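All remarks here apply to the structure that follows.
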There are 2 protein chains.
Amino acid sequence: MGFDLDDMEALELWRRTLLAGIHRSAPDLSVRQTAILLCVYLTPPPHTVRGLAARLKISKPAVTRALDTLSGLGVLRRKADENDRRSVLVHRTVAGSVYLSEFAETIVAAGTGLGSEKSPGSDPGALF
Amino acid sequence: MGFDLDDMEALELWRRTLLAGIHRSAPDLSVRQTAILLCVYLTPPPHTVRGLAARLKISKPAVTRALDTLSGLGVLRRKADENDRRSVLVHRTVAGSVYLSEFAETIVAAGTGLGSEKSPGSDPGALF
DNA sequence: CCCGATCGTTTCGGTTCCGGATCAATTCTA
DNA sequence: TAGAATTGATCCGGAACCGAAACGATCGGG
């Protein structure tokens with residue numbers, strides 16, 4: 001699985017993806033909201049408010065508000081923990097899977113044909 | 001330059017990078033501020049307010065305010081256009097190059113060892 | 001030399017987000 | 001079972017951001 005990415009390609013990948021995301025009419029999430037969404041979908045459950053706050057090193061109210069927004073969009077779902085009813089478990093949704101699939105496609109599309117742009121005379125190690 | 005990235009790897013790359021960015025004590029830029037910074041550094045000059053606004057499809061005041069923040073951080077510099085003094089040209093700075101170099105390293109670090117995590121039994125095409 | 005067009009900025013009103021403190025509900029402990 | 005601890009939500013004041021509209025400065029055509 002040759003996965004290689006030099007500094008310039010990394011920045012160009014990021015630029016293209018952000019550009020595509022801003023252009024997209026879909027509700028664009030903030031950095032923290034996106035991070036929460038990715039954590040819920042890519043790391044093993046269970047996911048609680050305090051757990052997400054600790055993992056992202058942000059405050060609990062910030063997580064609560066982000067969950068309000070994300071669940072309002074339908075890409076996430078809150079569910080009471082039956083074993084400890086103080087806790088709230090965060091679950092995935094179909095809409096969230098669709099959203100992230102499209103987001104992944106955006107990133108991949110931004111990365112295609114990225115390694116073949118090196119101008120022959122450029123110093124391969126210099127960024128700027 | 002074999003650059004390959006499947007959907008799951010793309011999302012995981014994004015998650016790790018966002019996480020590292022949030023943890024970093026450095027002033028975390030918004031999505032649009034980052035996009036402006038990357039456009040200035042990765043696309044050929046000249047860069048004007050209206051040009052950036054058009055490229056990012058955001059309003060001119062949003063660009064002006066982002067330039068206020070970014071130039072305040074020292075990662076960008078405004079300079080009057082001598083040929084057309086209505087225009088403002090946006091230039092790079094050393095601090096900006098340093099900032100983006102570190103950002104690029106963050107992305108690359110998030111991407112290292114990303115392709116060797118496929119569990120053998122997983123359906124390679126299914127995201128969730 | 002104007003007068004319209006264009007540029008970036010500022011003003012304005014409104015929305016969103018933040019962290020600390022606080023709260024009610026629930027669980028744990030002595 | 002009473003009190004301490006924990007969890008998530010809410011309140012609060014402040015900061016950041018947004019787009020539309022208005023503004024001054026500048027350029028260009030007639």
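Letters go in sequence order (proteins before strands), and every chain restarts at 1. Predicted model only: the values in this text are computed from it and were never measured.
- Taking atom CG of B:Asn83 as the reference point, atom P of D:dT26 lies 15 Å away to the nearest angstrom.
- B:Leu73 is not connected to B:Val88 by any chain of hydrophobic side-chain contacts under 4.5 Å among Ile, Leu, Val, Met, Phe, Trp and Tyr, and they are in different clusters.
- One finds a side-chain N or O of B:Gln33 lying less than 4.0 angstrom from the OP1 or OP2 phosphate oxygen of D:dC17.
- Judged by atom type and distance alone, B:Arg85 does not reach the base of D:dT26 through any side-chain donor-acceptor pair under 3.5 Å.
- Counted within 6.0 Å of CZ on B:Arg78, heavy atoms from surrounding residues, nucleotides or ligands total more than 12; the atom is thus considered enclosed.
- B:Leu13 places a side-chain heavy atom less than 4.5 Å from the side chain of A:Leu13.
- Atom P of nucleotide D:dC18 and atom NZ of B:Lys60 are separated by 16 Å, given to the nearest angstrom.
- B:Arg50 places its CZ atom 11 Å from the P atom of C:dT6, with the value rounded to the nearest Å.
- Aromatic ring orientation, B:Trp14 versus A:Trp14: parallel (interplanar angle below 30°, classes split at 30° and 60°).
- Between B:Arg32 and D:dC18 there is a side-chain N or O to OP1 or OP2 distance below 4.0 Å.
- In this model, the phosphate group of C:dT9 is approached by a side-chain N or O of B:Thr64 to a distance below 4.0 Å at OP1 or OP2.
- For the pair A:Leu89 CG and D:dG8 C1', the computed distance is 12 Å after rounding to whole Å.
- The interatomic distance linking B:Leu56 (CG) with D:dG19 (P) rounds to 11 Å, in whole Å.
- In terms of phosphate contacts, B:Arg78 brings a side-chain nitrogen or oxygen within less than 4.0 Å of OP1 or OP2 of C:dT9.
- Among the nucleotides D:dT10, C:dT10, C:dC17, the one closest to any side-chain atom of A:Pro61 is D:dT10.
- The B:Val88 side chain lies nearest to C:dT9 when the options are D:dA9, C:dT9, C:dT6.
- Computed from coordinates, the B:Asp81 CG to C:dT9 C1' distance equals 17 Å when rounded to whole Å.
- Using a 4.0 Å heavy-atom cutoff across all strands shown, A:Arg65 reaches at least one base atom of the nucleic acid.
- As rounded to whole Å, 7 Å separates atom P of D:dG19 from atom CD1 of B:Ile58.
- Taking the side chain of A:Ala62 as heavy atoms from C-beta on, and the options D:dG19, C:dC18, D:dG8, the nearest nucleotide is C:dC18.
- Candidate nucleotides C:dT10, D:dG8, C:dT26 were compared by shortest atom distance to the side chain of A:Ser87, and D:dG8 ranks first.
- Rounded to the nearest 0.5 Å, atoms CD (A:Glu82) and CG (A:Leu89) are 9.0 Å apart.
- Counting any heavy atom pair closer than 4.0 Å across all strands shown, B:Ser30 reaches no nucleic acid atom.
- Atom pair A:Asp84:CG and D:dA5:P shows a separation of 17 Å (rounding to whole Å applied).
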